[in-house]
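Here is the structure we will look at.
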Amino acid sequence: MSGAASTVLVTGGAGRLGRSVVAGLANAGYAVVSVDRDLAPEDAFPAGVIQERADLLADGEPRRVIEAHRPDAVIHLAAIAVPFSAPEEVIFHTNSRLAFTVLQAATELGVRKIITASSPTVLGYGAPSGWLPEEFPLSEATPPRPWNAYALSKYLAEQVMEMFTLSHGDRSRYAAFRPCFVISPEEWDGAPTQQGHTVTERLADAALAAPALFNYVDARDVSDFLDILLQKMDTIPNGQTFFVGAADALATEPLADLLPRFVAGSGSLTESLTGTSPAFSIEKAQRLLGWEPRRSWRSELSTATADGQHPPENPTTDTPAELATASRGNQVNP
Ligand SMILES: NC(=O)c1ccc[n+]([C@@H]2O[C@H](COP(=O)([O-])OP(=O)(O)OC[C@H]3O[C@@H](n4cnc5c(N)ncnc54)[C@H](O)[C@@H]3O)[C@@H](O)[C@H]2O)c1
């Protein structure tokens, strides 16, 4: 019961990630208010969770809902979460406005802890004009180079968070986090992921996970991360951004072998990604917060198998290089 007596308002609480965050924080003892344009089914959440329907793009709505519930913390998830799923200017306008107005209202109303969701896409991988980092694993020190409206809007959300840290960091604590490709509990059981295919299909065909550089995270691990972040925000430097990913890659062979087939020129950079190492480091969250992801596709899919889903038949199967071409157009959030 880590969050006893603390009220958290989660925007986008009815979404893919939001549902696990709302349920996880409620189970951890927080009083949770979910604010979303949509209502989640009642049985999605433990008893006591308040759901409020609101369009946070409407003038004054962020301020109205935060003022109504006077939370100790705001976690801002509401967004258009898939690149190219709407016209570029709509994604940019929606996500940027939501991030600014929600963080502004929370700041002006004196909310003590304010967290916003960003995305690993800020780094710019997959850019049609080419992309190559200086090194792997990628970390919070890797320079962001967003190449589409979604990634740019998420980078802007981080900058908004940093702006308020500079202007109001004496009163409130701020943070941003970049969740990797989110897999919710039902998706281990075979429900389609954000990209329409199943986790099993994503594992069996490396071209499906390649656009996200094989990153992923269990939604419940993100909820655990946010619980720990809320507890420790007062004791870490203000205004931090964190990658939040699984401890391994969503791949059946080492990324040292896989990544060079999909990221041109990355061969010598990926040599350290042996075994099950992911392309994204979570060392900062481990070091500053003591957070550890507890779920892996290796444990979660084998649990799901008992319910009828089947992991890839040959977990060491090579993926032909030609499959890299299939990844074009697979616009993945992280
Ligand atoms: N799912 C991922 O793999 C992933 C990866 C990286 C970052 N993220 C970020 O995490 C957050 C949550 O992503 P998700 O996958 O749960 O997305 P989602 O689309 O499932 O959920 C987003 C929620 O926001 C709500 N929303 C959108 N506009 C709103 C508005 N104007 N007013 C009120 N509610 C509104 C939607 O109704 C939806 O329930 C987003 O900010 C996304 O960019 C997600």
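Hydrogens, waters and symmetry mates play no part in the numbers below; they use all other heavy atoms, side chains included. In listed order, ligands and their atoms are each counted from 1. In this text, all values refer to a predicted model and were calculated from it rather than measured experimentally.
- At a 4.0 Å cut-off, at least one heavy atom of Ser118 sits close enough to ligand 1 to count as contact.
- Residue-level proximity to ligand 1 for Gln194 is carried by the side chain, the only part with a heavy atom below 4.0 angstrom.
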Taking only distance into account, with no hydrogens and no angle test, what donor-acceptor pairs under 3.5 Å do side-chain atoms of residues 129-141 form with protein atoms, sequence neighbours excluded?
unit_1 : atom_1 : unit_2 : atom_2 : d
Trp131 : NE1    : Leu123 : O      : 3.1
Ser139 : OG     : Ala141 : N      : 3.0
Glu140 : OE2    : Phe243 : N      : 2.9

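- If you look at Glu61 next to ligand 1, there are no close heavy atoms at all, none under 4.0 Å.
- Proximity to Phe181 (heavy-atom distance under 4.0 Å) selects the following atoms of ligand 1: 3 (O).
- With hydrogens and angles disregarded, no donor-acceptor distance shorter than 3.5 Å links the side chain of Trp291 to the backbone of Val222.
- Using a 4.0 Å cut-off between a side-chain N of Lys or Arg and a carboxylate O of Asp or Glu, Asp234 and Arg112 qualify as a salt bridge.
- Summarising the contacts of atom 13 (O) of ligand 1 with Ser85, Ser153, Ala81, the nearest heavy atom is found in Ala81.
- The ligand atoms of ligand 1 that sit less than 4.0 angstrom from a heavy atom of Asp38 are 37 (O).
- A heavy-atom separation below 4.0 Å is not found between Arg178 and ligand 1.
- For ligand 1 and Leu57, the ligand atoms under 4.0 Å from any heavy atom of the residue are 31 (N).
- Considering both main-chain and side-chain atoms, Ala78 never comes within under 3.5 Å of ligand 1 through any nitrogen or oxygen pair.
- The closest side-chain donor-acceptor pair between Tyr30 and Asp72, if any, does not fall under 3.5 angstrom.
- The side chain to side chain contact (heavy atoms under 4.5 Å, CB included) with Val32 is formed by just one residue from the set Val21, Thr7, Leu25, Leu9; it is Leu25.
- The backbone N or O of Ala149 sits less than 3.5 Å from a side-chain atom of Glu88, completing a donor-acceptor pair.
- Aromatic rings of Tyr155 and Tyr150 (six-membered ring for Trp) have centroids beyond the 6.0 Å cut-off, not under it.
- Taking all heavy atoms of Val182, Leu17, Thr11 into account, the minimum distance to atom 16 (O) of ligand 1 is reached by Leu17.
- Near Ala117, with a cut-off below 4.0 Å to any heavy atom, the atoms of ligand 1 are 10 (O), 41 (O).
- Salt bridge Glu61/Arg64: present, at least one basic N to carboxylate O contact under 4.0 Å.
- Residue pairs that meet the side chain to side chain donor-acceptor pair (under 3.5 Å) test with at least one member in residues 273-283, sequence neighbours left out, are Glu283-Arg287.
- Selection from Ala219, Pro179, Ala151 by nearest heavy atom to atom 6 (C) of ligand 1 gives Pro179.
- Among the atoms of Ser119, none of the N or O lies under 3.5 angstrom from an N or O of ligand 1.
- When only interatomic distances are considered, the shortest N/O to N/O separation between Leu77 and ligand 1 falls below 3.5 Å.
- Salt-bridge annotation for Asp224 and Arg294: present, with a side-chain N of the basic residue lying under 4.0 Å from a carboxylate O of the acidic one.
- Within the structure, ligand 1 has Cys180 among the residues with a heavy atom less than 4.0 angstrom away.
- Taking every non-hydrogen atom of Ala14 and a distance limit under 4.0 Å, the qualifying atoms of ligand 1 come out as 39 (O).
- With hydrogens and angles disregarded, a donor-acceptor distance shorter than 3.5 Å links the side chain of Arg97 to the backbone of Leu57.
- Across Ala54, Gly15, Gly18, Ala58, heavy-atom proximity to atom 33 (C) of ligand 1 is greatest for Ala54.
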